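Working notes, beginning with the structure itself.
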Protein chains: 2
Amino acid sequence: MTDVVRKQVLTKLTHGDYNCEKEFTLAMFSGKYKLVILWELGHVKSMHFNELFRVIDGVTKKVLAGQLKELAADQLILRDAYMENNRELVVYRISDLGQTLLPIIDQMYQWGKQRVQDYQIPASFKLAVENDLPKAP
Amino acid sequence: MTDVVRKQVLTKLTHGDYNCEKEFTLAMFSGKYKLVILWELGHVKSMHFNELFRVIDGVTKKVLAGQLKELAADQLILRDAYMENNRELVVYRISDLGQTLLPIIDQMYQWGKQRVQDYQIPASFKLAVENDLPKAP
DNA sequence: CCGAATCCAAGCGGATACTG
DNA sequence: CAGTATCCGCTTGGATTCGG
């Protein structure tokens, strides 16, 4: 969805349709790990590729590389490469623009936390999940 | 992705992993039209299916029905059916829980608006989009 | 008016292996 | 260390048709 929506939104914008601000924002972190990446990078100066790879649990290098590339293209993060004893090192860090997204992510975090706490999971969901995953047909 | 992520998140929660509040929130309106639906319903008392269908531009009935169903399952919207001269009518309206999501959507709107205004679209994007869409191979 | 049913396309992410 | 290169399958959404 990510890329599709991003393109659609940008097309709209170039045609003067400005009724897609929300979608635009959503598209920014639609991608399975973008939110986590932003979150992680929002809390430290910078991270290496493999640091992110280790900390993000479940992601593959290919996918991680893809997400980073998109985030960089949207200018939410920055990629800096430099040499150190004849080796190229790369760090990723959040951009100023990316910083401005953190309050929203934070609100999402608060909302999710609240919701998880005082509602807990509806029993119907629990059942659905339990019936769904353990037994693979 | 939507449903996949939702299930993953719920599975995590049932297992005591509570490190997915952001993803949980994101999953709530990950779906191409959920945000717009929430937005629309956030501004009026209620809407009929076809009202939404007309106002949402580009959506098909099947997809709309699907998104509404998911939103209702997540209890962000409510579906009320009632009879009127021997015809069943249905209205959708936002739930109290859904209301609590509106501030976030609003922030997304503000962010998107701001970004669209003062950055405009990078020329590279414009070109990419223009080269991409008009000519269908 | 409010969808459900069917069929189909492609996007997005996953697995694995390989590279400078 | 920081990625590419392939291959591949599931999910999501689109087109169209049909029904109560």
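Here the structure is a predicted model, which is why all the values come from computation and not from measurement. To find a chain, count down the sequence lines: A is the first, B the second, and so on, and within it residues start at 1.
Set against D:dA2, D:dG14, C:dG11, the side chain of A:His48 has D:dA2 as its closest nucleotide. Closest to the side chain of A:Lys69, out of C:dG13, D:dA2, D:dT4, is D:dT4. Here C:dG3 is the nucleotide among C:dG13, D:dT4, C:dG3 with the atom lying nearest to any side-chain atom of B:Val90. Set against C:dA4, D:dA2, D:dG14, the side chain of A:Asn50 has D:dA2 as its closest nucleotide.
Distance CZ/B:Arg6 to CZ/B:Phe24: 9.5 Å, rounded to 0.5 Å.
The separation between A:Met47 atom CE and D:dC1 atom C1' is 16 Å, rounded to whole Å. Computed from coordinates, the A:Leu68 CG to D:dA2 C1' distance equals 11 Å when rounded to whole Å. Going from atom CD of A:Glu70 over to atom P of C:dG13 covers 7 Å, rounded to whole Å. Taking atom CZ on B:Phe53 and atom C1' on D:dA15, their separation rounds to 12 Å, with Å as the unit. Atom CG in B:Leu71 sits about 14 Å away from atom P in D:dT12, given to the nearest Å. Atoms CE (B:Met83) and C1' (C:dC2) sit 13 Å apart, rounded to a whole Å. Spacing between atom CZ of A:Arg54 and atom C1' of D:dC1 amounts to 10 Å, rounded to whole angstrom units. Whole-Å rounding puts the A:Ile56 CD1 to D:dA2 P distance at 14 Å.
Between A:Gln67 and the phosphate of C:dG13, there is a side-chain N or O to OP1/OP2 separation shorter than 4.0 Å. The side chain of B:Lys32 places an N or O atom within less than 4.0 Å of a non-bridging phosphate oxygen (OP1 or OP2) of D:dG14. Side-chain N/O atoms of A:Arg6 include none lying less than 4.0 angstrom from OP1 or OP2 on C:dC12. Taking side-chain N and O atoms only, B:Tyr92 has a distance below 4.0 Å to OP1 or OP2 of C:dG3.
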Letter by letter from the 5' end, nucleotides 15-20 of chain C scores (B base, S sugar-phosphate only, - none; protein heavy atoms under 4.0 Å) B-----
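Within a 6.0 Å radius of CG in B:Asp80, other residues, nucleotides and ligands contribute more than 12 heavy atoms. Around atom CG of A:Asp57, no more than 12 heavy atoms belonging to other residues, nucleotides or ligands sit under 6.0 Å away.
Both B:Val91 and A:Tyr33 sit near DNA chain C, but only B:Val91 has its closest nucleotide nearer the 5' end.
The shortest side-chain heavy-atom distance between B:Leu76 and B:Lys34 does not fall under the 4.5 Å cut-off.
Of all heavy-atom pairs spanning B:Tyr33 and B:Gln67, the tightest one is N-OE1, 3.1 Å.
A tilted orientation is assigned to the rings of B:His43 and B:Trp39, their planes being inclined by 30° to 60°.
Without hydrogens or angle criteria, A:Thr25 side chain to B:Gly112 main chain gives a donor-acceptor distance under 3.5 Å.
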